[in-house]
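Here's the structure we're looking at; comments come further down.
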Amino acid sequence: MKIKGSHIAILLVIIIIVIIMLISKSENNNQPSTLSAGDSLKGYGTVLEQMGLISPQQALQDYKQLAIYPPNSRPLSKENIDLLMPNRRYEQPLPIEKDSDIYYLFTADKYRVIGDEPITFVLMVLQGTKPDSDRVPVTITKSIIKKGNNIKTAKYVSELSLIKNNVGDYTADVNCAQVFTSDKKSGTYWAQVEFKAADEVIDAAIPFEYFPENTIPAKFTGNFRDYIKNGSFYIDVELDVLRKGYYIIDANLFDNELEPVAYTIEKRELQAGRQWLPLLFFGKVLLDKKAKPPFVLRDLRGYRFIEATTPDPEFMDREMMKPYDGEYKTKVSSLQGLSDKEWDDEQKRKRIEFLEKESMGDIGVQ
């Protein structure tokens with residue numbers, strides 16, 4: 001780890017302060033002011049921890065614990081909401097004014113819209129923050145969709161027809177492929193609503209991304225095969241690649257009781273045409289989770305990564321694939337052949353060697 005510029009100065013100041021504090025403490029106790037490398041490192045770690053940073057010893061311990069599995073195949077739990085719900089949104093209810101007990105939530109059912117997928121927007125105004133709170137009557141004065149990376153400069157493209165439903169919320173279903181028929185490039189859009197509630201006028205806006213059908217770079221064919229090899233479990237997924245490039249494919253694995261077990265990330269260059277892509281589920285992950293086969297593959301998704309060649313504020317760094325609409329139940333029904341051996345490779349060994357040197361007092365400031 002190389003630390004440059006202002007970080008060097010900060011670390012040097014920290015080290016000097018630690019040394020002065022330790023020497024001062026030693027002198028106050030009428031003891032010789034000797035300072036070993038271990039003492040210096042202990043003080044360094046304590047200061048970093050007080051600043052909210054991690055100590056070298058903790059970094060080494062954490063890495064060793066995490067690196068028993070490969071970086072592209074690790075355990076999955078119910079707490080990994082971002083992986084279990086990869087296209088979810090994170091808007092939270094907000095008060096219409098400071099200290100008000102009336103809250104509003106303007107959100108949608110997804111962030112990225114791919115091809116002919118619909119997106120549903122909802123405006124909720126509540127007497128409280130719970131989903132079952134009483135609804136507060138509102139008057140909507142503006143509801144539109146704009147296009148642009150920045151809400152302040154985004155341009156109007158269409159109206160957003162929010163309609164009150166039977167529970168008192170306002171919703172709108174939008175098929176982007178039908179509304180934005182002239183758009184052939186992916187981009188950022190904004191749904192914006194202005195409404196009046198309890199004599200307060202609120203202006204709310206949320207972004208979403210739209211990827212037209214012609215931008216989809218590859219498709220999942222729905223063909224799968226699975227097997228155990230070299231102590232790990234693999235599921236081969238067939239792709240029809242329309243545009244060659246660097247792809248990132250993700251998927252989640254569940255056991256026969258649909259408990260989350262593992263996730264996988266496969267990154268590689270793909271050529272155009274139909275082909276099989278192996279997805280790794282590391283053997284030790286499945287054994288440590290005590291997973292019960294047969295397994296179920298879900299949330300299969302991916303994209304083609306694009307590097308920027310010229311500065312462009314509207315640039316999208318990926319072409320999204322449509323997530324696989326379904327699941328695959330594996331043929332493998334036994335854990336026989338899986339290995340409990342920890343992951344190991346040259347990069348891991350080099351990383352541990354480096355962290356061990358840091359933990360012995362070489363903090364890597366250059």
* Same cluster for Leu253 and Ile249 if Ile/Leu/Val/Met/Phe/Trp/Tyr side chains link at under 4.5 Å? -> yes
* Asked: Just how far is it from atom OG1 of Thr153 to atom NZ of Lys146, taken to the nearest 0.5 Å?
  -> 8.0 Å
* To do: Indicate yes or no: at least one non-hydrogen side-chain atom of Asn256 is less than 4.5 angstrom from one of Lys329.
  => no
* Asked: Same cluster for Leu300 and Met85 if Ile/Leu/Val/Met/Phe/Trp/Tyr side chains link at under 4.5 Å?
  -> no
* Asked: So which heavy atom on Pro93 is nearest to which on Thr129, and how close?
  -> CG-O, 4.3 Å
* So Asp250 and Ile248, side chain to side chain contact (heavy atoms under 4.5 Å, CB included) or not? Walk me through it. -> CA-CA 7 Å; Asp250 301 75; Ile248 299 177; 3.7 Å; yes
* So which pairs with a foot in residues 68-117 pass ring pair (Phe, Tyr, Trp, His ring centres under 6.0 Å), sequence neighbours left out? -> Tyr104-Phe195
* With sequence neighbours left out, write down each residue that passes ring-ring contact (aromatic ring centres under 6.0 Å, His included) with Phe295, or none if nothing qualifies. => Phe233
* **Residues which pass side chain to side chain contact (heavy atoms under 4.5 Å, CB included) with Thr215, listed by chain and number, not counting sequence neighbours** => Phe211, Pro212
* **Under the side chain to side chain contact (heavy atoms under 4.5 Å, CB included) test, residues paired with Asp101 that sit two or more places apart** => Gln127
* **side chain to side chain donor-acceptor pair (under 3.5 Å) partners for Asn150, two or more places apart** => none
* **Non-hydrogen side-chain atoms of Leu258 and Arg298 separated by less than 4.5 Å** => yes
* To do: Check whether any side-chain heavy atom of Asp109 lies under 4.5 Å from a side-chain heavy atom of Pro118, and answer yes or no.
  => no
* Asked: Could you give all pairs that pass the ring pair (Phe, Tyr, Trp, His ring centres under 6.0 Å) test and reach residues 144-181, with sequence neighbours left out?
  -> Phe180-Tyr189, Phe180-Tyr210
* Asked: Do Asn72 and Lys267 have side chains that get closer than 4.5 Å, going by heavy atoms?
  -> no
* Structure fact -> Here the pair of heavy atoms bringing Ile206 nearest to Ala108 is CD1-N, 4.0 Å
* Sequence-distant partners of Asp299, side chain to side chain donor-acceptor pair (under 3.5 Å), two or more places apart -> Asn252
* **Phe208 side chain reached by Cys176 side chain, heavy atoms, under 4.5 Å** => yes
* Close side-chain approach of Val157 to Val179, heavy-atom, < 4.5 Å -> no
* **Shortest non-hydrogen separation from Ser359 to Glu356 and the atoms involved** => OG-O, 2.7 Å
* Structure fact -> CZ of Arg243 to CD1 of Ile216, rounded to nearest 0.5 Å, is 9.0 Å
* If only atom types and distance count, is the side chain of Asp226 paired as donor or acceptor with the main-chain N or O of Val332 below 3.5 Å? -> yes
* Any side-chain heavy-atom pair from Gln192 and Lys142 closer than 4.5 angstrom? -> yes
* Asked: Shared ILVMFWY cluster between Leu297 and Leu239, side chains joined below 4.5 angstrom?
  -> yes
* Structure fact -> For Ile151, the hydrophobic cluster (side chain heavy atoms closer than 4.5 Å, chained through members) also holds Trp190
* Asked: Does anything in residues 234-264 pair up under ring pair (Phe, Tyr, Trp, His ring centres under 6.0 Å), and if so which pairs, sequence neighbours excluded?
  -> Tyr227-Tyr234
For residues 270-286, run the donor-acceptor check on the side chains, cut-off 3.5 Å, and write out each pair with its distance to 0.1 Å, sequence neighbours left out.
| unit_1 | atom_1 | unit_2 | atom_2 | d |
| --- | --- | --- | --- | --- |
| Arg274 | NH1 | Glu238 | OE1 | 3.3 |
| Gln275 | NE2 | Gln271 | O | 2.5 |
| Gln275 | NE2 | Gly273 | O | 2.9 |
| Lys284 | NZ | Asp288 | OD1 | 3.4 |
| Lys284 | NZ | Asp288 | OD2 | 3.4 |
| Lys284 | NZ | Asp340 | OD1 | 3.3 |

* **Heavy-atom closest pair, residues Ala198 and Ile102** => CB-CD1, 3.7 Å
* To do: Determine, step by step, whether Asp255 and Lys289 satisfy the salt bridge (Lys or Arg N to Asp or Glu O under 4.0 Å) criterion, reporting the C-alpha distance in whole Å, the side-chain angles of both residues, the deciding distance to 0.1 Å, and the verdict.
  => CA-CA 10 Å; Asp255 68 9; Lys289 293 281 290 187; over 6 Å; no
* Starting from the C-alpha separation in whole Å, work towards a yes-or-no answer on ring-ring contact (aromatic ring centres under 6.0 Å, His included) for Tyr324 and Phe224. => CA-CA 12 Å; Tyr324 180 66; Phe224 303 89; 5.3 Å; yes
* **Heavy-atom pair with the smallest gap, counting every atom of Glu213 and Asp116** => OE1-N, 3.7 Å
* Asked: Who are the side chain to side chain contact (heavy atoms under 4.5 Å, CB included) partners of Glu346, not counting sequence neighbours?
  -> Arg349, Lys350
* To do: Would you please name every residue forming a side chain to side chain contact (heavy atoms under 4.5 Å, CB included) with Ser133, sequence neighbours left out?
  => Leu126, Lys130
* To do: Determine whether Arg89 and Pro207 make a side-chain contact, defined as any pair of heavy atoms from C-beta on separated by less than 4.5 Å.
  => yes
* Asked: Are there more than 12 heavy atoms of other residues, nucleotides or ligands under 6.0 Å from atom CG of Asp132?
  -> yes
